[in-house]
Amino acid sequence: MHETMETDPATLARRQKDIDYGKNTIAYDRYIQMVPKKERTKEHPTTPPKDVKYSRRGWDGMVRLWRKQLHAWDPVDESSTSAVEESGASAK
């Protein structure tokens, strides 16, 4: 399968912004410190490739999954965990 490359500068800039947003988190910092690149497996979060052609919906889905996987490395803080659970429950 031959993947075509994304060339639109606006799309590439938007995708880079999405990636930067994910990498600018405590969870990402903890992840890269705790899991050296050579020890990562398919189960670990992988930054989506911004230069491959995807639909907007496909790209958004990959970023959403990547960000969700990164949350596994969020610092454990009992007080904020219960607040997040309460706000998540009321939002449904």
Show your reasoning for whether side-chain contact (heavy atoms from CB on, under 4.5 Å) applies to W66 and T46. CA-CA 7 Å; W66 174 60; T46 304; 5.6 Å; no

Out of curiosity, [X] [atom1] to [Y] [atom2], how far, rounded to the nearest 0.5 Å?
X   : Y   : atom1 : atom2 : answer
D18 : D60 : CG    : CG    : 6.5 Å
T11 : D51 : OG1   : CG    : 12.5 Å
M34 : H44 : CE    : NE2   : 9.5 Å
Q33 : R30 : CD    : CZ    : 8.5 Å

For Y31, does the six-membered ring have the charged nitrogen or CZ of R40 within the cation-pi criterion, i.e. under 6.0 angstrom from the centroid and within 45° of the normal? yes

Are [Y] and [X] linked, directly or through intermediate hydrophobic residues, by side-chain heavy-atom contacts shorter than 4.5 Å (ILVMFWY only)?
X   : Y   : value
V35 : I32 : yes
M5  : Y54 : no
V63 : V52 : yes

What I want to check is whether the side chains of D20 and Q16 have a donor and an acceptor closer together than 3.5 Å. yes

Side-chain donor-acceptor contact under 3.5 Å, W73 with D29: no

Stepwise, does the side-chain contact (heavy atoms from CB on, under 4.5 Å) test hold for Y28 with Y21? CA-CA 10 Å; Y28 185 80; Y21 190 75; over 6 Å; no

Verdict with supporting geometry, K23 and T25, side-chain contact (heavy atoms from CB on, under 4.5 Å): CA-CA 6 Å; K23 288 186 173 185; T25 61; over 6 Å; no

For K50 against R15, the heavy-atom pair lying closest together: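 So the two residues come closest at O-NH1, 2.9 Å.
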
Heavy-atom closest contact (P48 atom, W59 atom, distance): CB-CZ3, 3.5 Å

More than 12 heavy atoms from other groups under 6.0 Å of CD1 on I26: no

Side-chain donor or acceptor of H71 paired with backbone N/O of K68 under 3.5 Å: no

